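What follows is one structure encoded as structure tokens, with my remarks underneath.
Keep in mind it's a predicted model, so treat the numbers as computed, not measured. Residue numbering restarts at 1 for every chain, and letters A, B, ... go by the order of the sequence lines.
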Amino acid sequence: MSTFLINKEKTPLNTKELRHFIPKDMCGSVVAALVNGKQLDLSYNPKENDSVEWIHVNSCEGEEIIRHDSAHLLAQALKDIWQDDISIAIGPTIENGFYYDLLAKNPISEDDLENIEKRMHEIVSANIPIVRHVWSRDKALDFFRKQNEEFKVQIIQDIPEGESLSVYQQGNFFDLCRGPHAPSTSFVGDGFKLLRIAGAYWRGDSNNVMLQRIYGTAWSSKKRLNEHLKIIEEAKTRDHRLLGERAQLFFTSGVSKGSVFWMPDGWKVWMRMEEYIREKLNQNSYHEIRTPLFFEKSLWEKSGHQEKFSDSMYFLEQHDHEPPSSLKPMNCPAHIELFKKYPKTYKDLPLRFAEFGCCSRYEPSGALFGIMRLRNFTQDDAHIFCTEDQVQQEAESFCSLLFEVYKHFGFTNIQVCLSTKPTNALGNHALWERAEESLRTALNNMGIPFTVNEGEGAFYGPKLEFILQDALKRKWQCGTLQLDYILPQRLNATYTDESDKKTHPVLMHRAILGSMERFLAILIEDTKGILPMWLAPWQVAILTITQHADSFAQECIELLEQNGIRVHQDLRNKQIGFKVRAAIDKRIPFIISIGKREAESKTVSLKILGEQKNITLSLQETLKLLLNACSNETI
RNA sequence: GCCGCCGUAGCUCAGUGGUAGAGCGCACCCUUGGUAAGGGUGAGGUCAGGAGUUCAAUCCUCCUCGGUGGCACCA
């Protein structure tokens with residue numbers, strides 16, 4: 001891509017628009033231009049010495065413009081088909097695509113997408129010019145009122161009076177838009193596809209009317225589109241719900257919505273995760289504890305949860321005349337109770353209580369998702385009680401531990417986010433400043449890049465979020481570190497400081513994995529179900545090809561098990577192909593087959609999951625290979 | 001919670017206004033097998049639940065429940 005300066009002397013007299021400056025061989029591929037660093041339409045009238053860079057359709061910026069064009073195309077198609085029965089709202093670009101929100105008299109269904117798409121292709125073929133108009137606010141208001149486009153009217157009404165705005169026209173379709181757009185509809189080509197239809201609130205507010213949102217994906221060519229569709233298809237095969245059932249790890253059921261049933265192999269994985277975290281807790285001076293599952297309402301009243309969180313809490317039906325209780329939605333009040341049990345002094349701090357705490361929250365039914373968003377889930381939770389001076393050091397230690405753990409699970413792409421003081425914050429401003437600063441400093445000292453979510457902190461303090469992505473690139477908060485200056489006060493937790501004064505400790509809520517269930521789900525999607533060797537329920541499968549090989553197989557199983565290898569044996573009287581398939585479904589990383597040949601020569605035939613060819617090894621070679629694989633913590 | 005879609009055998013799914021089918025799994029038998037399902041026989045279903053329309057509903061309508069794609073929510 002190259003920059004040039006406009007020189008009007010060198011161009012034909014009648015050229016007014018930027019597009020006349022496009023070199024002939026580029027005409028079909030330039031969709032817009034970067035003029036003095038600003039994206040503009042090709043209809044722009046350039047000034048002498050304007051610095052211009054062409055935006056090609058196959059560049060990132062060009063594809064972005066195509067996506068926006070596609071959104072308009074979609075809206076035009078909708079209006080063509082349903083006319084006044086549809087009013088359109090907004091149609092922005094998103095990663096890899098676009099959407100358009102609309103309100104239809106009769107709801108549009110997924111069956112309609114094919115038809116809409118067909119109309120879009122027709123509009124592309126018709127090569128309709130896309131024309132930019134600059135209108136006054138009043139003219140635009142008047143126009144869209146006459147068109148009965150209520151949502152557009154609302155958008156314009158939010159624009160300050162007296163300002164002008166741009167409207168794009170393609171045929172008889174007009175849309176309010178900042179631009180830029182390609183010069184005509186044919187530039188969109190055939191690299192787009194409508195994907196699905198969903199609900200979305202007008203302006204993202206659940207108090208507003210619910211619109212329908214049509215999602216699409218758009219690319220500079222059909223080839224790029226197909227590549228993208230293939231990636232989506234591949235990602236879908238990684239779905240933890242699918243793999244979890246196929247490998248018989250867990251399932252969910254309507255008899256306990258939002259809860260998990262763990263099957264024997266899945267529970268093996270769970271216990272190993274727990275054991276690993278427990279080991280890390282021990283190495284880092286945490287004390288593991290166990291607290292009750294439900295507490296009397298009075299505790300939640302004192303902690304403030306009753307007031308702020310009761311919509312999400314489960315209340316227990318009462319027997320006799322006992323005061324009402326609630327299942328715990330979080331562990332913090334319980335940990336504070338433990339802290340308060342015996343008097344504490346500054347010498348006890350920092351004090352770190354950890355618990356694999358099972359929490360229950362009434363999540364909206366539409367929020368439930370596989371085992372990533374549950375109503376019953378377990379946090380690898382801990383609360384650190386410390387002085388304000390210790391906060392930064394504790395934050396650094398926590399980050400260091402978190403990154404060590406994530407690396408061990410094979411995660412390197414970790415998004416870190418600092419959420420700062422919200423409008424409903426409690427506590428004085430100076431305290432917040434210091435708290436945010438200590439988290440910021442901790443991250444900087446650790447060399448951890450992060451983004452800031454202004455005003456997204458909890459009411460009691462700022463927080464760090466550690467975010468991972470699932471197979472479809474959806475983001476999930478996993479680890480978290482939250483500073484809390486309020487709860488120790490509310491529940492009156494104190495320690496005696498150096499000057500013999502009762503002081504409230506700072507409370508740090510922190511979780512590394514976040515939710516055990518969610519973290520494992522993401523791990524399954526990340527690894528396609530082939531869990532790291534140290535975590536896999538079975539490290540090797542031993543299958544017999546004929547029953548005559550049973551005794552040698554037993555010999556192999558014993559040897560491997562004696563060496564601490566987790567062996568899944570399948571000596572059933574079945575075809576070998578069938579048994580291999582079953583082992584693959586279980587995602588067992590090493591698959592050993594033993595038949596007559598192997599039994600006679602005292603060897604095994606080894607298949608490494610994902611590889612086509614088998615290798616033949618002696619028993620000792622096999623043992624060595626497996627022990628090596630098992631000891632490599634990151635495989 | 002809201003909008004769209006879906007719910008048929010253990011699983012994946014066909015199907016029709018006249019009370020049901022396939023493949024795989026399962027059980028049994030045969031085959032002693034050579035790497036993503038060898039052959040045969042058989043069991044297994046209130047077609048998610050309820051109500052309505054109809055001579056007749058798995059199919060059409062409504063409600064409920066569950067799942068799913070999003071939105072909102074995730075203190």
Rounded to the nearest angstrom, tell me the gap between atom [atom1] in [X] and atom [atom2] in [N].
X      : N     : atom1 : atom2 : result
A:H548 : B:U31 : NE2   : P     : 12 Å
A:N573 : B:A27 : CG    : P     : 12 Å
A:I608 : B:A36 : CD1   : C1'   : 17 Å
A:D111 : B:C6  : CG    : C1'   : 12 Å
A:E517 : B:C74 : CD    : C1'   : 15 Å
A:K574 : B:U31 : NZ    : P     : 16 Å
A:R196 : B:U68 : CZ    : C1'   : 12 Å
A:R241 : B:U12 : CZ    : C1'   : 16 Å

Base, sugar-phosphate, or nothing: which does [X] touch, judged by heavy atoms less than 4.0 Å apart?
X      : result
A:F377 : nothing
A:A458 : sugar-phosphate
A:R373 : base
A:S206 : sugar-phosphate
A:P107 : sugar-phosphate

**OP:** State whether the side chain of A:K463 and the backbone N or O of A:T480 hold a donor-acceptor pair below 3.5 Å, judged by distance alone.
**Re:**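 Absent.
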Original post:
Can you name the salt bridge (charged side-chain N to carboxylate O under 4.0 Å, His left out) partners of A:E337, sequence neighbours left out?
Top reply: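 Checked A:E337 against salt bridge (charged side-chain N to carboxylate O under 4.0 Å, His left out); matches are A:K340.
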Subject >> Contacts of A:D470 that satisfy salt bridge (charged side-chain N to carboxylate O under 4.0 Å, His left out) - sequence neighbours left out >> reply: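 Here the qualifying residues are A:R474.
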What nucleotide, of [options], holds the atom closest to the side chain of [X]?
X      : options            : value
A:Q547 : B:C5, B:U32, B:G1  : B:U32
A:A200 : B:U35, B:G4, B:C71 : B:C71
A:M210 : B:C3, B:G67, B:U35 : B:C3

Subject >> Residue met sooner reading RNA chain B from 5', once A:I584 and A:E110 are mapped to nucleotides >> reply: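 Result of the comparison: A:E110.
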Subject >> Upstream residue (5' side of RNA chain B) when A:S593 and A:D239 are each assigned their closest nucleotide >> reply: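 Mapping each residue to its closest nucleotide by heavy atoms, the 5'-most match is A:S593.
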For [X], what residues pass the side chain to side chain donor-acceptor pair (under 3.5 Å) criterion, not counting sequence neighbours?
X      : answer
A:S259 : A:S256, A:N376
A:N148 : none
A:K475 : A:Q415

Original post:
Which pairs with one or both residues in residues 361-370 of chain A pass side-chain hydrogen bond (donor to acceptor under 3.5 Å, both in side chains), sequence neighbours excluded?
Top reply: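 Of all non-adjacent pairs touching residues 361-370 of chain A, those that pass side-chain hydrogen bond (donor to acceptor under 3.5 Å, both in side chains) are A:E363-A:R373.
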**OP:** Go through A:E355 and A:H335 one step at a time and tell me if the side-chain contact (heavy atoms from CB on, under 4.5 Å) criterion holds.
**Re:** CA-CA 9 Å; A:E355 176 173 13; A:H335 288 198; 2.8 Å; yes
Subject >> Centroid separation A:F466 to A:F450 less than 6.0 Å >> reply: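 Distance test on ring centres: not under 6.0 Å, no.
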Original post:
Mind checking whether A:F315 and A:W300 have ring centres under 6.0 Å apart?
Top reply: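 Distance test on ring centres: not under 6.0 Å, no.
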Between [N] and [M], how many Å separate the two [atom1] atoms, rounded to a whole number?
N     : M     : atom1 : answer
B:C63 : B:G45 : P     : 31 Å
B:G15 : B:U8  : C1'   : 9 Å
B:C59 : B:C2  : P     : 24 Å
B:C55 : B:G4  : P     : 32 Å
B:G23 : B:A37 : C1'   : 11 Å

**OP:** Is it possible for you to check whether A:R241 lies under 6.0 Å from the centre of the six-membered ring of A:F369, through NZ or CZ, and within 45° of that ring's axis?
**Re:**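 Here A:R241 passes the 6.0 Å and 45° test against A:F369.
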Subject >> More than 12 heavy atoms of other groups within 6.0 Å of A:F261 CZ >> reply: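 Correct, the count exceeds 12.
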**OP:** Please report the C-alpha distance between A:H240 and A:F250 in whole Å, then the side-chain angles of each, then the deciding distance to 0.1 Å, and finally whether the side-chain contact (heavy atoms from CB on, under 4.5 Å) criterion is met.
**Re:** CA-CA 10 Å; A:H240 73 281; A:F250 55 77; 4.0 Å; yes
Considering only heavy atoms, which members of [range] lie under 4.0 Å from some atom of RNA chain B?
range                       : result
residues 460-493 of chain A : A:K463, A:R474
residues 296-315 of chain A : A:F309
residues 596-607 of chain A : A:K596, A:R597, A:E598, A:S605, A:K607

Original post:
Can you find an N or O donor on one side and an acceptor on the other, under 3.5 Å apart, linking the side chain of A:N614 with the base of B:G34?
Top reply: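 No, the side chain and the base share no sub-3.5 Å donor-acceptor pair.
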Original post:
Do A:Y99 and B:G70 have a side chain to base donor-acceptor pair shorter than 3.5 Å?
Top reply: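 A donor-acceptor contact between them is absent.
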Subject >> A:F385 vs A:V506 side-chain heavy atoms within contact, under 4.5 Å >> reply: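 They are not in contact (no side-chain heavy atoms under 4.5 Å apart), so the answer is no.
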Original post:
How does protein reach along nucleotides 38-47 of chain B, written 5' to 3' as B (base within reach of a heavy atom under 4.0 Å), S (only sugar-phosphate), or - (no contact)?
Top reply: B---------
Original post:
Pairs in or reaching into residues 72-96 of chain A: which pass ring pair (Phe, Tyr, Trp, His ring centres under 6.0 Å), with residues at least two apart or in two chains?
Top reply: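 Counting only pairs at least two positions apart or across chains, the ring pair (Phe, Tyr, Trp, His ring centres under 6.0 Å) contacts touching residues 72-96 of chain A are A:H68-A:H72, A:H72-A:H181.
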Original post:
Between which residue ranges does RNA chain B form stems of three or more consecutive Watson-Crick or G-U wobble pairs, both distances under 3.5 Å?
Top reply: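 Ordered by first number, the stems with RNA chain B (at least 3 consecutive pairs each) read B:1-7 with B:65-71, B:10-13 with B:21-24, B:26-30 with B:38-42, B:48-52 with B:60-64.
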Side-chain donor-acceptor pair present, [X], [Y], cut-off under 3.5 Å:
X      : Y      : answer
A:E621 : A:S618 : yes
A:D101 : A:W202 : no
A:T237 : A:K528 : no

Subject >> A:Y201 vs B:C73: side-chain N/O to OP1/OP2 distance below 4.0 Å >> reply: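 For B:C73, neither OP1 nor OP2 has a side-chain N or O of A:Y201 closer than 4.0 Å.
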**OP:** Identify which one of A:Q306, A:H305, A:E307 satisfies the side chain to side chain donor-acceptor pair (under 3.5 Å) criterion when paired with A:S303.
**Re:**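 Exactly one option meets the side chain to side chain donor-acceptor pair (under 3.5 Å) with A:S303, and it is A:H305.
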